[in-house]
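So you know, we letter chains A, B, ... as the sequences are listed, proteins then strands, and number each from 1.
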Amino acid sequence: MIQRPRGTRDFGPAEMARRRAVEQAMREACHRFGFGEVVTPTFEQSELFTLRSGEAIVDEMYVFKDKGDREMALRPEITASVIRFFVNEMSNLPKPLKLYYVGNCFRYENPQSGRYREFFQLGAELIGNENPETDAEVISLAVESLRATGLQDFNVRIGHIGILKSLVLEGIDDQALAGNVLRMIDKGDFDALAQTLETNGVTGNLMESITGIAGTKGSIDVLQSVDETKANEHLRELFEILKLQGIDDCQLDLGIVRGLDYYSGMVFEIDAPRLGAEKQVLGGGSYTLSELFGGEPVFSTGFAIGLDRVMLALEAEKELPEYSPIDAYVVPTEDAMRKYAFAIVAKIRAKGLRADVDLMRRSMSKNLKYASSMAARYAVIVGKDEMAKRSVTLRDMESGEQRQVPADFAADELEKALNAPRKHPLSSVPQRGIP
RNA sequence: GCCGGGGUGGGGUAAUGGUAUCCUUGGGGACUGUGGAUCCCCUGACCCGGGUUCGAUUCCCGGUCCCGGCCCCA
């Protein structure tokens, strides 16, 4: 037996139906915001990712040399590819440029809850500006994408890298030391940070300022406790725009330190408290990556959603609906009726309904049992008596009610009967049986 | 990379130093148009490798995979 690679998963029909419905809900949110889909390669030159994130990430990537001796890597994320695409071929398009993507990513990590070696992300990048409106648009899309899936329990935290960054760069002349300090803040290692500042003779109350800012959390009002800066004004405007769009429960968190290396302005994270250790479902912020890849400096803001974690969070929140791959199952009562069953199923399928027919040459009772186990909404019974009148029997598998209808109108009748209103994107999602 | 807990048919389980229980699913039959029931039959498992032993699914070691946590999280 060949084992599935560590940290990867197989998805059966029931689970895929759920995943696709969630993905579709997010895609539609992107479309409502005017974002267009892009698809980039699953593998890229390793350099694309090391340029963005540093050489150290090679240890956490699937890297390999291709037959032309080129250093390649399975993508560990998709933002870098999108920006490469932008720099290479889309830099002259009118701004702002609104792009989104969905795809699988790979990281060589130790799997645990909500963490896999192959995982799925949906993300968006808004390229063109760094003003609060841009950030608001992206955060708004992030929140709406999650809401569209039906997820309810999640927290939005928004911060700004610029505040800590400028504080450190102003307080420390030595560039290398400043870089180290930023990395230590990134790691949250304040003990080591205090020690480093002391041994390097950094004067004043820089340490206090840093811990003060990193600990600034709560409503936007707590900004008053921080010295007035351009970043403060930016955040105030951002929160105001979000509020006007009905997004008023965001928390300010200046301690967010997402990859200080390349995020330059606003940063934000969303987590689902019902998940375990890996509860962050989304992360994003504004950055200026394009220069790194040889393009003009252009501001962008983006985010990536962990699709797998959203699925886990949804499962933790509510029961998922039953899965049914078919609307109607056509049952011949005897062998002589089998050929007519095919004619009937073809008509139903032509209507756009999901229909199936007995291929196993089973008895009628076994077929009804099968239809039941598939959670088919209707059985279409094709029998001798019915055919004599050019009709079939529609059996509601839930109620057991039956009625005869002309064979030529069976598909129309089914369509009418099945045309129930859909309340929620997930309520139409079938799931059952097959894992 | 580190720590803890686990691997018995497709799924869920029981017992055991002498190769295995039960449930479920799947296939078939009785059943000759509502049996979606009931009854019967069948397929199908001890994660891999080494060690101890007359004999290992069971005990020991290593590996691997799963679950959870740490680190990390672009």
Side-chain angles (χ1 to χ4, degrees), chain A residues 1-10 12 46 48-61 73 75-81 83 105-117 119 121 123 183 186-189 256-263 267 269 271 275-285 287 289 292 302-304 306 309 312 329 331-337 360-376 378-388 392-404 432-435:
Chain A
M1 192 177 88
I2 313 271
Q3 261 177 343
R4 169 160 34 90
R6 180 166 165 78
T8 63
R9 290 155 297 160
D10 296 310
S46 304
L48 177 68
F49 305 112
T50 53
L51 270 179
R52 181 194 184 196
S53 314
E55 284 296 332
I57 64 153
V58 169
D59 295 336
E60 288 153 49
M61 287 198 299
R75 60 185 177 195
E77 47 114 9
I78 300 181
T79 297
S81 296
I83 300 303
C105 302
F106 306 84
R107 294 184 191 177
Y108 199 92
E109 291 186 297
N110 210 342
Q112 65 192 60
S113 181
R115 193 167 194 173
Y116 308 96
R117 287 187 172 179
F119 58 98
Q121 284 193 337
R183 259 188 295 280
D186 188 20
K187 289 197 161 96
D189 193 349
I256 299 179
V257 279
R258 302 180 47 73
L260 278 164
D261 280 351
Y262 77 94
Y263 279 109
V267 284
E269 293 181 348
D271 54 44
L275 297 182
E278 303 290 333
K279 66 182 169 103
Q280 189 184 325
V281 295
L282 182 151
Y287 56 88
L289 267 183
L292 265 184
F303 67 80
R309 290 185 188 174
L312 291 172
Y329 187 71
V331 178
T333 57
E334 57 197 272
D335 286 342
M337 293 295 117
M360 297 287 283
R361 297 192 176 179
R362 274 189 277 234
S363 67
M364 181 176 178
S365 64
K366 287 275 158 89
N367 268 327
L368 286 172
K369 186 180 175 179
Y370 177 78
S372 174
S373 70
M374 286 297 107
Y378 282 87
V380 179
I381 297 167
V382 181
K384 201 169 44 181
D385 300 346
E386 285 92 337
M387 286 311 285
V392 295
T393 296
L394 300 186
R395 179 180 175 84
D396 183 326
M397 293 301 283
E398 274 166 43
S399 66
E401 285 168 26
Q402 298 191 173
R403 64 198 163 96
Q404 275 197 30
R432 182 173 189 270
I434 315 139

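Remark: the separation of the C1' atoms in B:C3 and B:A14 is 31 Å, to the nearest Å. Spacing between B:G18 and B:G11 at atom C1', rounded to whole Å, works out to 30 Å. Comparing the C1' positions of B:G50 and B:U64 gives a spacing of 14 Å, expressed to the nearest Å. Taking atom C1' on both nucleotides, B:C67 is separated from B:U57 by 22 Å, rounded to a whole Å. Separation of the C1' atoms belonging to B:G35 and B:A30 is 11 Å when rounded to the nearest angstrom. Distance noted for atom P between B:G12 and B:C39: 26 Å (whole Å). To the nearest whole angstrom, the two P atoms, one in B:G44 and one in B:G36, are 29 Å apart. Between the C1' atoms of B:G5 and B:G10, the separation comes to 25 Å (whole Å).
With sequence neighbours excluded, the residues satisfying salt bridge (charged side-chain N to carboxylate O under 4.0 Å, His left out) with A:Arg309 are A:Glu278. Considering only residues two or more places apart in sequence or on other chains, A:Arg4 meets the salt bridge (charged side-chain N to carboxylate O under 4.0 Å, His left out) condition with A:Asp10. For A:Glu60, the side-chain hydrogen bond (donor to acceptor under 3.5 Å, both in side chains) criterion is met by no residue, not counting sequence neighbours. In this structure A:Tyr378 satisfies the side-chain hydrogen bond (donor to acceptor under 3.5 Å, both in side chains) test with no other residue, sequence neighbours excluded. Taking A:Ser46 as the reference, nothing meets the side-chain hydrogen bond (donor to acceptor under 3.5 Å, both in side chains) condition, with sequence neighbours excluded. With sequence neighbours excluded, the residues satisfying side-chain hydrogen bond (donor to acceptor under 3.5 Å, both in side chains) with A:Ser81 are A:Glu44. With sequence neighbours left out, A:Tyr370 forms a ring pair (Phe, Tyr, Trp, His ring centres under 6.0 Å) with A:Tyr329. Judged as a side-chain contact (heavy atoms from CB on, under 4.5 Å), and not counting sequence neighbours, the contacts of A:Lys384 are A:Glu334, A:Met337.
Separating the CD atom of A:Glu269 from the C1' atom of B:C72 is a distance of 14 Å, rounded to the nearest angstrom. Rounding to whole angstrom units, CD of residue A:Glu109 and C1' of B:C70 are separated by 13 Å. Atom C1' of nucleotide B:C71 and atom CD of A:Glu60 are separated by 10 Å, given to the nearest angstrom. As a whole-Å value, the separation of A:Arg115 CZ from B:C73 P is 9 Å. Note: CD (A:Glu55) to P (B:A74) measures 18 Å, nearest angstrom. Straight-line distance from the CE atom of A:Met360 to the C1' atom of B:G27: 7 Å, rounded to whole Å.
Both A:Tyr108 and A:Gln280 lie close to RNA chain B; mapped to their nearest nucleotides by heavy-atom distance, the more 5′-ward contact belongs to A:Tyr108. Ranked by how close their nearest RNA chain B nucleotide is to the 5' end, A:Ile57 and A:Ser363 are led by A:Ser363.
Summarising the base pairing, B:C39 is matched to B:G29 through a Watson-Crick or G-U wobble pair whose two defining distances lie under 3.5 Å. Of all nucleotides present, only B:G51 satisfies the Watson-Crick or G-U wobble test against B:C59, with each distance under 3.5 Å.
Applying the 90° cutoff around 0 to the glycosidic angle, B:U52 is assigned anti.
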Considering only nitrogen or oxygen atoms on both sides, find all protein atoms under 3.5 Å from nucleotides 33-37 of chain B and state each distance.
unit_1: B:G33; atom_1: O6; unit_2: A:Lys384; atom_2: N; d: 2.6
unit_1: B:G33; atom_1: O6; unit_2: A:Asp385; atom_2: N; d: 2.6
unit_1: B:G33; atom_1: N1; unit_2: A:Glu386; atom_2: OE1; d: 2.7
unit_1: B:G33; atom_1: N2; unit_2: A:Glu386; atom_2: OE1; d: 3.2
unit_1: B:G33; atom_1: N2; unit_2: A:Glu386; atom_2: OE2; d: 2.5
unit_1: B:U34; atom_1: O2; unit_2: A:Arg395; atom_2: NH1; d: 2.7
unit_1: B:U34; atom_1: O2; unit_2: A:Gln402; atom_2: OE1; d: 2.1
unit_1: B:U34; atom_1: N3; unit_2: A:Gln402; atom_2: OE1; d: 3.0
unit_1: B:U34; atom_1: N3; unit_2: A:Gln402; atom_2: NE2; d: 3.2
unit_1: B:G36; atom_1: OP2; unit_2: A:Ser365; atom_2: O; d: 2.9
unit_1: B:G36; atom_1: N7; unit_2: A:Arg395; atom_2: NH2; d: 3.2
unit_1: B:G36; atom_1: O6; unit_2: A:Arg395; atom_2: NE; d: 2.7
unit_1: B:G36; atom_1: O6; unit_2: A:Arg395; atom_2: NH2; d: 2.9
unit_1: B:G36; atom_1: N1; unit_2: A:Met397; atom_2: O; d: 2.6
unit_1: B:G36; atom_1: N2; unit_2: A:Met397; atom_2: O; d: 3.1

What nitrogen or oxygen pairs link the protein and nucleotides 66-69 of chain B at under 3.5 Å?
unit_1: B:C66; atom_1: OP1; unit_2: A:Gly7; atom_2: N; d: 2.8
unit_1: B:C66; atom_1: OP2; unit_2: A:Arg6; atom_2: NH1; d: 2.9
unit_1: B:G68; atom_1: OP1; unit_2: A:Ser113; atom_2: OG; d: 3.2
unit_1: B:G68; atom_1: OP2; unit_2: A:Ser113; atom_2: N; d: 3.1
unit_1: B:G69; atom_1: OP1; unit_2: A:Ala277; atom_2: N; d: 2.9

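For B:G28, the OP1/OP2 oxygens have a side-chain nitrogen or oxygen of A:Arg362 closer than 4.0 Å.
Side-chain contact check for A:Thr393 and A:Gln402: no donor-acceptor pair (N or O, by modelled atom type) lies under 3.5 Å.
Taking 4.5 Å as the limit, every side-chain heavy atom of A:Phe106 sits out of range of all side-chain heavy atoms of A:Arg117. In this structure the side chain of A:Thr333 never reaches within 4.5 angstrom of the side chain of A:Val382, judged on heavy atoms.
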Step-by-step side chain to side chain contact (heavy atoms under 4.5 Å, CB included) determination, A:Met364 to A:Ile381: CA-CA 9 Å; A:Met364 181 176 178; A:Ile381 297 167; 3.9 Å; yes
Where protein sits on nucleotides 40-50 of chain B, one letter per nucleotide: B base, S sugar-phosphate only, - none, heavy atoms under 4.0 Å: -----------
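Applying the salt bridge (charged side-chain N to carboxylate O under 4.0 Å, His left out) test to every pair with at least one member in residues 395-404 of chain A, sequence neighbours left out, gives these pairs: A:Arg403-A:Glu413.
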